[in-house]
Protein chains: 2
Amino acid sequence: MAGVSTGTVSNALTGKRPVAEASHQRILTAIAELGYQPNLMARGLANQRSHVLSVVIKELSDLGFYGYSSALTGIQREANRLGYSIMLHFVNSSAEEEIFATLDQIRARRADGIIWAIHEVDGNRDWVRDIRPEDYPPLTFLHMHPDPALSVVAIDNQAGASLAVAHMIEQGARTIGIITGPADWWESQSRLAGWQHALEQANLDTGSSLVVAGDWLAESGQKGLETLLNQRPDLDAVFACNDTMALGAIYTAHRCGLSIPDDLLLVGFDNTPEAESYWPPLTSIHQGLRQSGQIAVDELHQIIESGKNEHISPRQHILQPELIIRRSSMRDKI
Amino acid sequence: MAGVSTGTVSNALTGKRPVAEASHQRILTAIAELGYQPNLMARGLANQRSHVLSVVIKELSDLGFYGYSSALTGIQREANRLGYSIMLHFVNSSAEEEIFATLDQIRARRADGIIWAIHEVDGNRDWVRDIRPEDYPPLTFLHMHPDPALSVVAIDNQAGASLAVAHMIEQGARTIGIITGPADWWESQSRLAGWQHALEQANLDTGSSLVVAGDWLAESGQKGLETLLNQRPDLDAVFACNDTMALGAIYTAHRCGLSIPDDLLLVGFDNTPEAESYWPPLTSIHQGLRQSGQIAVDELHQIIESGKNEHISPRQHILQPELIIRRSSMRDKI
DNA sequence: AGTTATAATTAAAGCGGTTTAATTTGTCAA
DNA sequence: TTGACAAATTAAACCGCTTTAATTATAACT
């Protein structure tokens, strides 16, 4: 319609080779007239580049909304800026079968890169060792434990937990319990390690009677605090490994007539927007989730751009979380 | 490698035409040996069918996690079952510019269908009237107000709100305030209408001093209840248009030394998993969000399969929400 | 005007599948 | 042995784009 060949149209649109001003104009008007929209599948086929990033997360069932949503926001913004579309994949179990089904699908779609953001559970990243990397697009892990052989963006959970516990110690707490997430999650483990580390620094009790495992959900926070109180009547502070479980702990405190912070200090993890509307407002650890998502995309983009040829060595990005102090942990009331 | 032509491989894999058992075997082993993975872009190009569903949501910033996450879960499961991958798109403003940019991207990717799940704001669906439907893949709207000309899956917000308010009336409340969402959201409007309807049925006050607008976030629930209490000292119940704002209202009640439910009944909307760990546990309206997502996919799938030719008339699916009673609304304590 | 260099364009091949129409192979009856 | 018919296979075209190599148009210099 513009009286030129498809090759010229291609050049006009991608700008890879110069096109005469006159033809350029004719092409643009023709495009507008026809409502033409380039077919990205065809373009991808020809370019061997889909401009699609695959993001793999655990099914957003009843837990972990906050983390995934925030990270996804960060991912999306950056991906959009760099011209990628994002394809979402869900994995529920750690069954290798399901993992490989997902990987196959990603491979079949010829995604340019993968952000693997499944919360890590003991051994559910082992498959990485079994694959030939050249069979798959570049892979960046989000929120998993750093490994020098892999590209990883993570938050320093241990440091965050230490921050929380050290703060409570400073506020005068001496018997500090912890409500962890499921024992096999990496994030649980490192938050537990942070709790332990901070207590050891201060020569305080880290006995197992101070540890109870939750499942991230509020109800397990309720039960968790009950158990802790039974085991340790002298308990004077609790670190809940996420805000939702902290909410459950607050529930139990109310039910037992315990005042937070007068009788018990409490700190959570995540710093969800609701935390400041808990009663009392909850001190929590803020993670740069949005930022971590963004970094993961940048990282992946670099690897993709550099081409698989020049072997770029994997990098580790560790973000430091931050303590947000609110009333639940302030012995001296404000 | 299997000594057959690509055409035969195609037939073997898709099963569209019969292939001799012997060749079939040879093909399978060759595939296993080579680690072959069909290129879905090429397949899509040839078939004019991408097997991709585009899901458009508002950026999961600080609000609305719960709704989007649940719906996405439903969408994902069903999409997976039917062999679709899902591509995620984010729209933030209601600027037509951004909307059309998104639509163009979807069109360029040749998605088979679109689930438009942007929370509806006054007029931000008007673009639908301006487009030629045949330019775009089939479109289903999720959580927007029904329109006979469009394919829509929605939850009956008005009925849900009425349920909540009627329940409080039954519990003896006579002066029932409401904390709404932003005034321009369709969901706010219909929940407000439900509140009004239930009160009118019972001949109770619906004056504007009983209405205050929030923004879905907890903090606005705090402020909201403050305002209501100032305007109406006789207030004896509140309907918060989501659980998060209800949490804020609880905060204010605690701060003012008011007991829920003794001094004030409270009902929320969403029935988030945390609601039962609020103090007191929150009565709320449960929406079948996961189910609505699933239905949207089914609906779209049907339209896609039927081919654009036989014009399938758009259907409306309205789901009824459900009242979940907990202590926050029980005058007679349990 | 005649070369030559340069810029713009195009024809054709290729990306990796599917599909149609034609061909080969195999079976069986005459 | 031949011919007819069905089943399996394949060659080649096509999906819509990019790109290389070749070609044509344009400008610049003797």
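Protein chains get the first letters and strands the later ones, always in sequence-line order, with residue 1 at the start of each.
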- Message: At 4.0 Å (heavy atoms only), tell me whether Val4(A) reaches a base, stays on the sugar-phosphate, or touches nothing.
- Response: sugar-phosphate
- Query: Within this structure, what is the CG-to-C1' distance between Asn11(A) and dT10(C), rounded to whole angstrom?
  - Reply: 10 Å
- Could you state the CZ-P distance from Arg17(A) to dT19(D), rounded to the nearest angstrom? 9 Å
- Task: Flag the pair Glu78(B) and Arg290(B) as a salt bridge only when some basic side-chain nitrogen lies within less than 4.0 angstrom of an acidic carboxylate oxygen.
- Result: no
- Thr6(B) side-chain proximity, nearest of dT18(C), dG16(D), dT19(D): dT18(C)
- Task: Could you state the atom-to-atom distance from CD of Glu21(B) to C1' of dA7(D) in whole Å?
- Result: 15 Å
- Establish, with yes or no, whether the OP1 or OP2 oxygen of dT18(C) is under 4.0 angstrom from a side-chain nitrogen or oxygen of Lys16(B). no
- Distance below 4.0 Å between Ser23(A) side-chain N/O and dT9(C) OP1 or OP2: yes
- Toward the 5' end of DNA chain D, by each residue's nearest nucleotide, Ala20(B) or Arg110(B): Ala20(B)
- Distance-minimising heavy-atom pair for Val152(A) and Asp147(A): CG2-N, 4.1 Å
- Selection: residues 44-51 of chain A, any non-hydrogen atom under 4.0 Å of DNA chain C: Leu45(A), Ala46(A), Gln48(A)
- Measure the distance from CG on Leu34(A) to P on dG16(D) and round it to the nearest whole Å. 14 Å
- Using the ring of each side chain (for Trp, its six-membered ring), is Trp185(A) parallel, tilted or perpendicular to Trp216(A), with breaks at 30° and 60°? perpendicular
- Item | Lys/Arg N to Asp/Glu carboxylate O, Arg26(B) vs Glu33(B), below 4.0 Å | no
- Item | Rounded distance in Å - NE2 (His24(B)) to P (dA7(D)) | 18 Å
- Message: Whole angstroms only, please: what is the CG-P distance between Asn39(A) and dG17(C)?
- Response: 16 Å
- Message: Parallel, tilted or perpendicular, judged at 30° and 60°: which one describes the rings of His119(A) and Tyr68(A)?
- Response: tilted
- 5'-most by nearest nucleotide on DNA chain D - Thr8(B) or Gln37(A): Thr8(B)
- Item | Atom-to-atom span, CE of Met41(B) to P of dT18(D) - whole angstrom | 13 Å
- Query: Under 4.0 Å between a side-chain N or O of Ser5(B) and OP1 or OP2 of dT9(D)?
  - Reply: no
